[in-house]
**Student:** 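Would you mind keeping the following structure in view while I ask a few things?
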Amino acid sequence: MGDISKPLDSPSDMEVIDLSTGWSFKQTDDIEEKAWNPVKKIPSTVHQDLINCGRLKDPFIGFNETRAEWVGLKSWTYRTTFASPGVSPETKVVLAFDGLDTFAHVRLNGKLILESDNMFLSHRIDVTEAIRARSNNILEIEFDSAFLKAREIRAQHPKHKFLCFNDPPDRLAVRKAQCHWGWDWGPILMCAGIWRPARLEMYHARVSDLRLDVGVSDDYHFATIDATAEIESNSRTVPQLHAQFHVMLDGKLVSATNCVADKDGKASIKLPILRPELWMPNGYGKQSLYTVSVTIASDNIPLHTTSRRVGLRKIELVQDDDAHGKSFYFRVNGVDIFCGGSCWIPADSFLTNVTPERYRAWIELMVPANQKMIRVWGGGIYEDDSFYDACDELGILVWQDYMFACGNYPCFPAILKSIEAEVIANVRRLRHHPCLAIFAGNNEDYQVQESFNLTYDYDDKNEENWLKSDFPARYIYESLLPRLSKAEAPWIPYWPGSPWSHGKKSIDPTVGDMHQWNVWHGKQEKYQIFDSLGGRFNSEFGMEAFPHIATIRSFVEKDEDLYPQSHVLDFHNKADGHERRIATYLVENVRTCTDLEAYIHLTQLIQCEALMFGYRGWRKQWGDGRHCGGALVWQLNDCWPTTSWSIVDYYLRRKPAYYAMARVLAPVAIGIRRAHYDWSITHAREPETQAWELWVVSSHRTEITADVEVRFVSVRTGREIKPKFVKQAIRIGSNSTTHVSDGEIDNVHQEPHILAARIWVNGELVGRDTDWPQPLKYLQFPERNVKVNHVGDEMHITADRPVKCLVFEEREGCHLSDSAIDLVPNDKQIVKVRGLRAGDPPLNWTYLGAGEQGTPAC
């Protein structure tokens with residue numbers, strides 16, 4: 001093949017006709033020619049197209065969601081005409097659809113060429129014989145109502161118990177984003193349409209798949225990439241094919257070789273990498289990405305080139321028997337990682353609204369927040385390539401659920417066949433991404449099994465019994481999915497479900513991962529004891545908060561509805577019993593109010609405090625024999641403007657909890673807290689003394705030295721009620737927790753006061769933490785005398801008395817280095833502001849007890 005140190009001159013002989021424009025659509029049963037309406041561009045959804053042509057009001061505004069229900073009950077047809085060029089007899093012509101949602105009947109020139117019933121599958125249809133060369137071709141796609149089809153399929157299987165959380169149970173019969181039926185954070189918008197790109201391809205041969213198995217030596221000084229290209233061609237007309245492989249890093253050639261494809265159309269080679277640059281998660285090293293490309297050629301004429309980016313890394317899910325039960329944490333390239341992070345839902349109810357730039361913006365938010373992992377939840381979709389690309393580039397590990405959520409799924413033959421194709425297709429698409437840390441079989445399906453007392457005998461290993469039981473989906477999670485995952489991507493750990501506990505109850509704190517919802521849901525425990533409720537890996541927990549006022553104004557049409565309990569605000573909160581739950585946590589902890597902006601701040605403060613208590617305590621446990629291996633808040637994002645558990649709202653406006661998480665997940669974080677007592681018990685009284693504890697958590701891979709300080713500051717006066725605690729030159733252990741000190745508080749003779757801790761490393765102040773008397777509602781907040789002075793792109797902030805949760809306005813285009821901060825006298829804090837333009841008014845701010853929105857200093 002000539003010089004293999006450089007790619008062949010021509011990249012490909014493949015011709016591609018983009019089919020993104022020229023479409024029109026109509027309601028299928030409307031036979032009038034005038035019923036056709038133009039489509040701006042595909043990918044799209046029928047709702048977007050109806051909005052664009054003026055037939056539907058934006059479902060995100062007011063009560064318009066209910067006025068859009070009819071869309072999901074209808075069948076819709078899309079049509080385009082395209083010209084096909086003349087091709088040689090040796091050329092293969094393929095119609096490629098990367099995603100059709102969901103029940104699609106595809107006709108080319110009146111002939112049915114595809115029937116699809118799985119949203120998560122891509123399709124390639126050989127139309128070499130069916131297409132009209134040098135002529136116009138008519139392409140039509142009819143989409144049945146998934147809502148009605150699901151009901152029909154369910155009725156065909158009366159023996160199966162269609163049981164679920166988040167109704168309706170019909171959804172379990174269909175391979176479609178389950179949240180399209182609505183969820184406790186999202187609207188019911190039953191989408192349909194061409195939701196991923198479509199094109200016409202013409203070629204002699206192509207690489208249909210490039211598998212890259214990465215191996216890293218135990219000393220990390222050597223790596224190999226076992227590359228296998230699967231080639232699709234017309235073997236009758238294409239002679240023997242050669243494959244040329246290249247590995248590049250930062251534009252430089254690292255490895256190159258070639259081989260001949262075998263008779264089965266596979267070209268396999270081992271690519272050695274000396275002194276590999278490893279891929280590490282955010283905060284632990286570089287995110288080095290190698291590009292592996294393969295060009296197939298015949299007679300030295302290139303036919304097709306494709307490439308993948310890979311990271312050289314070894315990832316392990318560590319499950320060892322220990323003093324706490326069985327561990328559950330991740331190790332990357334020999335480094336144990338505490339996986340503080342978030343869960344992810346689809347970022348828009350209309351998936352095609354989420355551009356690569358928007359995906360990038362979401363993932364970029366995680367980096368300054370010191371988050372290490374994001375969990376792609378099983379009721380949404382296998383995300384777009386650009387989502388995983390961003391995670392690769394920014395060092396965010398991905399916990400990837402398979403698309404099953406909160407249900408007892410059926411296992412009739414047709415759906416099992418569809419699931420198998422779905423898994424193979426999506427694992428092959430995603431497996432090269434170094435960010436992928438784990439595949440999990442489902443979201444909360446084992447909890448459904450427990451809740452409805454469905455059959456589950458962990459010791460019964462007979463798969464036929466599983467399929468005959470009233471919980472047949474065990475076969476999917478414990479046989480089908482692990483078998484396919486191992487075959488397609490053996491280097492990525494597999495876990496049967498989230499949560500799952502090796503056959504024990506899913507709430508078992510000693511093994512597996514846990515969804516801890518006894519704060520907010522369940523027993524509605526005090527959030528102050530969050531850390532005592534956790535397990536080995538807390539893959540879901542959360543607290544609701546209102547979004548920012550600008551987000552609320554985006555969907556409230558009338559000013560008269562701008563109050564906390566208005567009908568439209570309640571409508572934009574889908575959580576069952578949210579009114580009672582929000583009210584409970586407010587009245588237990590703070591003095592409530594009815595002014596909307598003050599009320600927003602209070603709900604956000606509660607979320608901020610709750611998540612801080614969880615993350616702070618669980619990260620502390622990391623140093624206790626890896627007692628807790630990670631915590632993923634429910635949830636990072638929203639799919640529409642709403643009140644939910646998100647820490648960043650639909651418009652990427654950060655809630656205060658976002659900043660609280662960033663502080664407790666910092667590379668070096670100091671923690672201080674006094675022992676909790678339950679003030680809600682009627683006969684309880686404040687104990688005469690209360691123990692307090694001080695510790696430091698470090699994710700540094702080497703030991704560091706630090707100085708720490710604790711001050712005891714009166715909430716009422718701002719004065720220090722007793723001498724500060726100071727300790728210098730403390731040795732902080734690597735990647736662990738270091739206990740610093742403890743003591744007691746005299747509650748009888750000392751007035752209410754905060755414990756204010758700070759830590760310095762090499763003379764630099766790197767962290768703060770405060771512990772406040774609980775509950776906050778019992779405290780008096782006389783004038784705090786908060787001052788915010790603008791110095792260039794910084795805000796210098798001081799106060800005469802302790803301040804709780806000083807929050808700055810989240811303004812479009814502005815980015816803050818910190819917010820939701822606690823202030824202590826004689827401790828000026830500096831917040832950097834990026835994106836505030838000359839002449840813009842200063843950012844508004846408020847804090848607990850301010851009484852009204854704070855007035856910014858000029």
Side-chain angles (χ1 to χ4, degrees), residues 150-151 153-174 178-179 181-184 325-326 328 377-379 401-413 415-416 419 440-482 495-525 533-541 575-577 581 634:
R151 185 177 295 174
I153 295 170
R154 178 189 176 188
Q156 293 169 2
H157 300 276
K159 292 184 179 181
H160 179 71
K161 295 181 178 180
F162 285 86
L163 302 168
C164 65
F165 308 148
N166 288 282
D167 286 335
D170 305 343
R171 65 179 174 81
L172 306 176
V174 175
Q178 301 289 270
C179 59
W181 276 265
W183 218 262
D184 57 5
K326 186 182 287 290
F328 192 109
W377 169 72
D401 284 358
Y402 286 110
M403 292 301 115
F404 303 88
C406 299
N408 181 33
Y409 283 84
C411 287
F412 50 86
I415 203 168
L416 286 180
I419 290 168
N442 66 80
N443 171 82
E444 296 186 358
D445 290 3
Y446 285 97
Q447 290 188 316
V448 169
Q449 173 268 318
E450 293 167 3
S451 297
F452 292 100
N453 295 312
L454 302 175
T455 304
Y456 185 68
D457 180 359
Y458 179 68
D459 295 324
D460 182 0
K461 305 303 180 183
N462 186 326
E463 296 180 3
E464 289 300 316
N465 290 341
W466 305 350
L467 287 168
K468 294 175 183 177
S469 75
D470 56 7
F471 182 51
R474 179 184 180 184
Y475 172 81
I476 299 173
Y477 313 137
E478 296 180 41
S479 178
L480 180 62
L481 296 183
W495 188 243
S498 182
W500 193 71
S501 301
H502 286 284
K504 297 184 178 182
K505 289 288 185 180
S506 58
I507 58 172
D508 193 308
T510 67
V511 59
D513 70 315
M514 172 185 283
H515 291 187
Q516 182 46 270
W517 281 108
N518 276 321
V519 173
W520 180 268
H521 289 302
K523 298 178 181 179
Q524 295 184 44
E525 297 277 12
L533 305 175
R536 305 313 305 267
F537 194 104
N538 304 304
S539 47
E540 270 193 31
F541 68 104
D576 185 34
R581 298 177 201 276
W634 186 269

**Student:** Distance from W520 atom CH2 to W634 atom CH2, nearest 0.5 Å?
**Tutor:** 14.5 Å
**Student:** Verify, without hydrogens or angle tests, whether D470 (side chain) and T455 (backbone) share a donor-acceptor contact under 3.5 angstrom.
**Tutor:** yes
**Student:** Going by distance alone, is a donor N or O of one side chain under 3.5 Å from an acceptor N or O of the other, for D513 and S539?
**Tutor:** yes
**Student:** Any donor-acceptor pair under 3.5 Å linking the side chain of N442 with the backbone of P496?
**Tutor:** yes
**Student:** Under a 3.5 Å distance rule, please check whether H160 uses its side chain to pair with a backbone N or O of N408 as donor and acceptor.
**Tutor:** yes
**Student:** Keeping the roles fixed (side chain from R581, backbone from Q524), state whether a donor-acceptor pair exists under 3.5 Å.
**Tutor:** no
**Student:** Would you say S501's side chain and G512's backbone share a donor-acceptor pair under 3.5 angstrom?
**Tutor:** no
**Student:** Is a donor on one side and an acceptor on the other found under 3.5 Å between the side chain of S451 and the backbone of V448?
**Tutor:** no
**Student:** Would you find a donor on one side and an acceptor on the other, under 3.5 Å apart, between the side chain of Q447 and the backbone of S506?
**Tutor:** no
**Student:** Is it true that the side chains of Y477 and D445 contain a donor and an acceptor less than 3.5 Å apart?
**Tutor:** yes
**Student:** Could you tell me whether the side chain of R171 and the main chain of C179 form a donor-acceptor pair under 3.5 Å?
**Tutor:** no
**Student:** So, does K461 use its side chain to make a donor-acceptor pair with the main chain of Y458 at under 3.5 Å?
**Tutor:** yes
